[in-house]
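This is a predicted model, so every value here is computed, not measured. When a ligand or atom number is given, it counts from 1 through the structure's own listing order.
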Amino acid sequence: MKATQGAAPDIAANTRDRLAAASAVAVLTGAGISAESGIPTFRGAGGLWKNFRAVDLATPEAFAADPQLVWSWYDWRRGLIASAEPNDGHRALAEMQNRFPRFTLATQNVDGLHSRAGSVDALKLHGDIWTLRCTACGHERQDLRTPLPELPPRCSCGALERPGVVWFGEALPTDVWEQAQQAAREADVFLVIGTSAVVYPAAGLVELAKTSGATVVEINVEATPVSHVVDVSWRAPAAQALPRLLA
Ligand code: BV8
Ligand code: ZN
């Protein structure tokens with residue numbers, strides 16, 4: 001059954017009923033869940049930065065060609081995120097983790113807002129903007145300073161550091177990706193929230209959950225390429241919809 005444009009109350013009730021019967025819940029979030037915290041999404045209106053697109057800058061090639069430019073983009077984003085707060089959508093997911101025997105949150109976001117909202121063990125599929133990794137010795141450290149004192153930052157070994165994120169063309173962290181796939185396979189209910197579902201392999205979790213027998217609910221302000229796959233397509237902002245699942 002696909003409820004698409006039904007009035008929000010019955011979609012919320014419908015989704016709550018499915019969750020009430022679930023013992024394993026898995027969630028995939030994208031930039032849309034941080035939109036109401038004021039963080040621009042990648043592909044929405046605010047997704048551009050000085051006329052660059054994420055696919056142009058979030059690549060090893062762009063970093064090798066111009067580490068200063070790529071770091072300026074990340075430093076700008078870190079500044080935005082530092083002044084942002086988790087929203088009711090992040091907080092609702094943090095609350096949900098205690099309500100099910102098995103609950104897994106996988107995020108494509110690198111902003112760390114799920115952790116700040118209280119989500120424990122969120123699977124960071126695309127890494128973390130607050131982590132710096134040395135391009136030579138691999139040493140990783142957290143640096144929360146905004147702006148960073150020097151760009152590009154350098155490791156104590158002297159080499160350039162890069163943002164601890166997964167760029168286009170790079171593999172996702174193996175352990176995190178394995179856990180996310182397992183959670184999608186085992187889920188009774190799979191929530192896909194605030195993602196345009198165009199970036200793989202993360203977006204593939206939706207199909208994996210669906211073919212593994214989960215009830216899939218999409219929460220997004222617009223239709224996406226997975227809207228035709230999901231069981232329930234809830235056209236609503238995440239910070240409004242998610243708290244209604246806790247009622
Ligand atoms: C890999 C981290 C292989 C960094 C990111 C052709 C050439 C090269 C590669 C490819 C290719 N075709 C396919 C690929 C693979 C590529 C890919 O999928 N490309 C896409 C663009 C076609 N994928 C990769 O390269 C991945 N790696 O394949 O490696 C490999 C395998 C083995 C060994 C070696 C190599 C790596 C992908 C990860 C890239 N890193 N980010 C950073 O953040 O700077 S991706 C980037 O896009 C972010 O992580 C972001 O999360 C992600 C997805 O975007 P969304 O989160 O969905 O955000 P978006 O703006 O798109 O959408 C927002 C949504 O929210 C919208 O739907 C909107 O309606 C909604 N919304 C807005 N407001 C709200 C809302 N919803 C609810 N409430 C609201 N209020
Ligand atoms: Zn080093």
Side-chain angles (χ1 to χ4, degrees), residues 28-49 52-63 70-71 73-78 80-81 87-90 92-93 106-114 124-141 152-174 176-177 191-206 217-227 233-243:
L28 172 67
T29 62
I33 195 163
S34 295
E36 287 156 286
S37 295
I39 314 277
T41 61
F42 288 86
R43 292 166 187 82
L48 291 177
W49 177 70
F52 288 97
R53 295 179 310 145
V55 282
D56 301 327
L57 292 174
T59 69
E61 294 76 20
F63 184 75
V70 172
W71 262 116
W73 181 48
Y74 280 96
D75 206 39
W76 173 75
R77 288 172 62 193
R78 285 161 52 105
L80 273 189
I81 296 162
N87 62 53
D88 289 345
H90 296 107
L93 290 176
T107 185
Q108 300 170 88
N109 302 339
V110 298
D111 57 29
L113 289 181
H114 282 303
K124 296 177 174 137
L125 301 178
H126 294 161
D128 172 16
I129 203 165
W130 301 110
T131 299
L132 278 59
R133 184 167 72 241
C134 179
T135 57
C137 73
H139 176 65
E140 285 201 355
R141 65 188 176 93
R154 288 196 172 276
C155 174
S156 48
C157 82
L160 273 187
E161 287 172 308
R162 57 167 284 175
V165 300
V166 178
W167 280 328
F168 288 103
E170 295 186 322
L172 277 58
T174 315
V176 160
W177 178 234
L191 306 179
V192 49
I193 305 165
T195 182
S196 59
V198 296
V199 172
Y200 282 79
L205 291 172
V206 178
V217 179
E218 177 181 47
I219 297 175
N220 199 313
V221 294
E222 67 184 14
T224 71
V226 297
S227 296
S233 195
W234 189 354
R235 204 64 75 250
Q240 284 178 34
L242 286 168

Practice task
With 2.8 Å as the limit, jot down which protein N, O or S atoms are around the Zn ion (ligand 2).
Solution key: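 N, O, S partners closer than 2.8 Å: C134 SG, C137 SG, C155 SG, C157 SG.
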May I ask you to check whether [X] has an N/O atom sitting below 3.5 Å from an N/O atom of ligand 1?
X: Q108; result: yes
X: F42; result: yes
X: E170; result: yes
X: G194; result: yes
X: S196; result: yes
X: A238; result: yes

Would you check if [X] and [Y] make a side-chain contact, meaning some heavy-atom pair closer than 4.5 Å?
X: L125; Y: L205; answer: yes
X: E36; Y: P237; answer: yes
X: T224; Y: V192; answer: no
X: H90; Y: N87; answer: yes
X: L93; Y: I33; answer: yes
X: W234; Y: L191; answer: no
X: V165; Y: H126; answer: no
X: R77; Y: P163; answer: no

If you count the atoms of ligand 1 from 1 in the order shown, which ones are under 4.0 Å from a heavy atom of [X]?
X: A171; answer: 32 (C), 33 (C), 34 (C), 35 (C)
X: A31; answer: 55 (P), 56 (O), 58 (O)
X: G30; answer: 56 (O)
X: E222; answer: 66 (C), 67 (O), 68 (C), 69 (O)
X: V198; answer: 18 (O), 20 (C), 22 (C)
X: T41; answer: 60 (O)
X: V166; answer: 2 (C), 4 (C), 5 (C), 38 (C), 39 (C), 40 (N), 41 (N)
X: E36; answer: 78 (N), 79 (C), 80 (N)

Practice task
Return yes if some donor-acceptor pair links the side-chain N/O of W71 with the main-chain N/O of E161 below 3.5 Å, else return no.
Solution key: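 Yes, the answer is positive, given that a donor and an acceptor are paired below the 3.5 Å cut-off.
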Handout entry: Gap between atom CG of N220 and atom OG of S233 - 0.5 Å precision
Key =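 Separation between the atoms: 7.5 Å.
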Problem - Straight-line distance of H139 NE2 to S156 OG, nearest 0.5 Å - result: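 Output value for this atom pair is 5.5 Å.
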For ligand 1, is any non-hydrogen atom under 4.0 Å from [X]'s backbone (N, CA, C, O), its side chain (CB onward), both, or neither?
X: R77; value: side chain
X: A35; value: side chain
X: V221; value: both

List, one per line, each side-chain donor-acceptor pair under 3.5 Å for residues 193-201, sequence neighbours excluded.
residue : atom : partner : partner atom : Å
T195    : OG1  : Q108    : NE2          : 2.8
T195    : OG1  : A197    : N            : 3.2

Problem - Ring geometry between Y74 and W167 (parallel below 30°, tilted from 30 to 60°, perpendicular above 60°) - result: tilted
Problem - ligand 1 contact by G169, heavy-atom criterion under 4.0 angstrom - result: yes
Exercise for the section: Apply salt bridge (Lys or Arg N to Asp or Glu O under 4.0 Å) to R133 and E170, showing your working. Expected result: CA-CA 14 Å; R133 184 167 72 241; E170 295 186 322; 5.2 Å; no
Completion exercise
Minimal heavy-atom distance between V55 and T59, with the atoms involved, is O-CG2, 3.2 Å
Practice task
Between Y200, W73, W177, flag the one that comes closest to atom 28 (O) of ligand 1 by a heavy atom.
Solution key: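 The residue whose heavy atom sits nearest atom 28 (O) of ligand 1 is Y200.
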